[in-house]
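Computed from heavy atoms alone, side chains included, the values below leave out hydrogens, waters and symmetry copies. Small disclaimer: the values here were computed from a predicted structure and weren't measured.
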Amino acid sequence: MQFFSKKRKCFFSSIILASLFIFFGCSRNKGVSSLNEENLFSIEYGNFEDEINLFDITAVGSLSTYMTMHNGFFYIANGESKKILELNSYGDLLNLFYNDEEMESQKFADKNIRNSTKKAISYPFNQIGPLAVDSRNYLYVSDVLPVEKHERDEKQRLLLDFVILRFDSEGNFVDYIGQQGPGGTPFPFVKNIFVTKLNELVVLCTTNDGPVVYWFNEKGFLLYKIPITQQTIPSPGKDEGNPLDGKYYSSVGNVVPDWVNHRLFIHVDYYQDAVDADSKILNGVDYSMSLLYQLDLETKRYEAPLEIPSYENVEVDGLVKETYEIPYDFLGVTDSGWFFFIVPDDNGYLIQMVQPDGQRILKRSLSVDHAKNVYASLSLSESGIISGLFIQSDSAKIKWWRTDSLIY
């Protein structure tokens with residue numbers, strides 16, 4: 001049995017942490033203008049301080065390299081070489097965090113030069129992943145503990161091996177944060193991490209039952225633990241004008257914290273059984289709608305959801321023209337409350353920006369040659385700038401799109 005019908009033909013999963021998907025047969029919406037990209041700099045492949053090592057980028061398997069942008073500075077966690085690079089918008093290496101077992105010597109931060117602002121910090125990284133930087137320039141990065149420190153949650157059938165490492169603005173290691181706070185029980189798989197305007201850390205984990213969010217205060221102590229399951233997500237009400245009637249299936253997408261308030265934004269896609277009109281036989285599942293829920297952590301109440309318009313993909317086969325609805329992925333939210341959604345097509349990406357009340361929706365296309373990219377990591381800044389790390393055969397390219405100019 002075909003699980004997804006053609007209505008869901010171009011579905012893709014998480015855009016930030018998954019490998020890039022290439023879509024064929026998808027045509028861009030007419031009338032959507034393109035946004036100019038700025039090619040900032042390239043990073044060569046190798047073992048030197050200002051290079052990243054991806055080993056064999058043609059090999060099967062996922063890459064473990066992530067990027068975030070904060071105040072115009074780029075932070076790249078290169079898991080394959082166990083190091084983190086901090087660079088300015090020209091590609092100059094400013095600070096380096098490295099595992100000295102992987103890189104025995106480094107020369108760019110010469111301690112003999114007086115008043116040098118460059119730093120090289122040695123730390124025994126293991127398997128680093130997503131990272132974030134707060135307003136104090138504290139650096140947070142996920143890492144996996146050595147095997148002998150792994151724990152297990154037998155009840156939920158989870159391996160607990162992830163922690164969040166914390167470094168201060170001078171590069172000094174502060175501590176690691178676990179489920180309860182500093183030195184706590186390791187997390188299950190960490191999908192992403194965030195920091196808020198209040199310098200609070202938010203950790204998004206993946207479990208067998210669905211996402212779990214851990215929210216910590218500025219000192220690293222736990223404020224909230226929020227499991228998100230099919231049972232905790234509210235059912236769409238008839239008074240919200242949604243098309244769901246009868247049985248439906250829900251799929252929780254990305255979960256993102258508010259920059260200012262103790263609030264989560266939860267993206268949920270809904271599907272219903274697809275029945276062949278002639279044979280009356282179930283032949284798959286059709287996409288129906290997407291809702292963005294807002295969960296107030298202080299009151300533990302969900303606000304009325306915002307319906308997110310889908311992407312309409314048009315396919316023409318001879319004289320037959322068919323339109324399919326495709327859900328956007330939730331990229332993130334800005335400090336002014338604009339929601340960003342993204343979907344790839346054969347010309348790059350289509351970005352949909354939605355005002356908090358849903359009254360204003362902007363769409364722009366980002367031109368990206370998917371055929372050149374082996375892997376991509378996209379990041380949305382709090383001001384609304386989209387940055388991208390694109391792994392190509394010769395080097396890694398850093399680009400950004402000034403989408404912030406559209407919403408302020």
Side-chain angles (χ1 to χ4, degrees), residues 1-16 18 21 23 26 29 156 191 204-213 226-256 263-297 300-315 322-333 339-344 350 352 354 356-358 361:
M1 178 184 294
Q2 180 184 0
F3 184 72
F4 290 111
S5 68
K6 290 188 70 178
K7 195 173 184 181
R8 184 61 173 143
K9 190 173 183 178
C10 296
F11 173 77
F12 79 113
S13 60
S14 173
I15 189 65
I16 299 177
F21 280 31
F23 282 73
C26 299
N29 280 3
Q156 297 191 16
K191 180 181 178 181
L204 174 61
C205 294
T206 300
T207 73
N208 298 322
D209 297 324
V212 177
V213 176
I226 311 100
I228 301 168
T229 66
Q230 302 289 343
Q231 292 72 34
T232 60
I233 295 295
S235 299
K238 295 293 183 181
D239 56 346
E240 291 154 10
N242 72 76
L244 300 177
D245 54 351
K247 185 177 180 180
Y248 60 84
Y249 311 93
S250 61
S251 174
V252 178
N254 201 13
V255 180
V256 176
R263 179 168 53 180
L264 288 177
F265 301 104
I266 305 166
H267 186 222
V268 183
D269 294 327
Y270 291 91
Y271 306 86
Q272 290 187 295
D273 291 335
V275 179
D276 183 78
D278 297 325
S279 64
K280 308 300 181 182
I281 297 176
L282 178 67
N283 66 355
V285 176
D286 275 347
Y287 165 74
S288 293
M289 65 184 299
S290 297
L291 297 178
L292 185 68
Y293 290 97
Q294 301 181 38
L295 173 60
D296 187 315
L297 302 185
K300 300 181 181 179
R301 297 184 61 180
Y302 282 90
E303 299 177 14
L306 179 66
E307 183 170 356
I308 305 303
S310 61
Y311 168 60
E312 291 188 351
N313 174 63
V314 179
E315 290 188 6
E322 293 185 275
T323 301
Y324 308 115
E325 293 183 35
I326 303 170
Y328 284 85
D329 270 4
F330 182 29
L331 184 59
V333 63
F339 305 114
F340 277 56
F341 299 86
I342 187 169
V343 65
L350 187 65
Q352 180 171 252
V354 182
D357 57 7
I361 297 177

Contacts of Asp209 that satisfy side chain to side chain donor-acceptor pair (under 3.5 Å) - sequence neighbours left out: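 By the side chain to side chain donor-acceptor pair (under 3.5 Å) rule, Asp209 matches no residue at all.
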Side chain of Tyr287, backbone of Ser290: donor and acceptor closer than 3.5 Å?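 Answer holds: yes.
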Are the side chain of Asn208 and the backbone N or O of Gln156 linked by a donor-acceptor pair below 3.5 Å?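 Yes.
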Do the two ring centres, one from Phe339 and one from His267, sit under 6.0 Å apart?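 No - the distance between ring centres of Phe339 and His267 does not fall below the 6.0 Å cut-off.
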Can you check whether [X] reaches [Y] side chain to side chain, under 4.5 Å on heavy atoms?
| X | Y | answer |
| --- | --- | --- |
| Ser288 | Tyr271 | no |
| Asn254 | Leu204 | yes |
| Ile308 | Phe330 | no |
| Gln352 | Pro309 | yes |

Where do [X] and [Y] come nearest, in terms of heavy atoms and distance?
| X | Y | answer |
| --- | --- | --- |
| Ile326 | Ser310 | O-CB, 3.5 Å |
| Tyr270 | Pro234 | OH-O, 3.8 Å |
| Pro227 | Thr232 | O-OG1, 3.7 Å |

Please round to the nearest 0.5 Å and tell me the distance separating atom [atom1] of [X] and atom [atom2] of [Y].
| X | Y | atom1 | atom2 | value |
| --- | --- | --- | --- | --- |
| Ile266 | Ile228 | CD1 | CD1 | 4.0 Å |
| Gln272 | Asp286 | CD | CG | 9.0 Å |
| Glu303 | Leu295 | CD | CG | 9.0 Å |

Please walk me through it: do Tyr249 and Asp273 pass side chain to side chain contact (heavy atoms under 4.5 Å, CB included)? CA-CA 9 Å; Tyr249 311 93; Asp273 291 335; 2.8 Å; yes
Between Ile233, Thr229, Asp269, which is the residue that forms a side chain to side chain contact (heavy atoms under 4.5 Å, CB included) with Val252?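 The side chain to side chain contact (heavy atoms under 4.5 Å, CB included) with Val252 is passed solely by Ile233 among Ile233, Thr229, Asp269.
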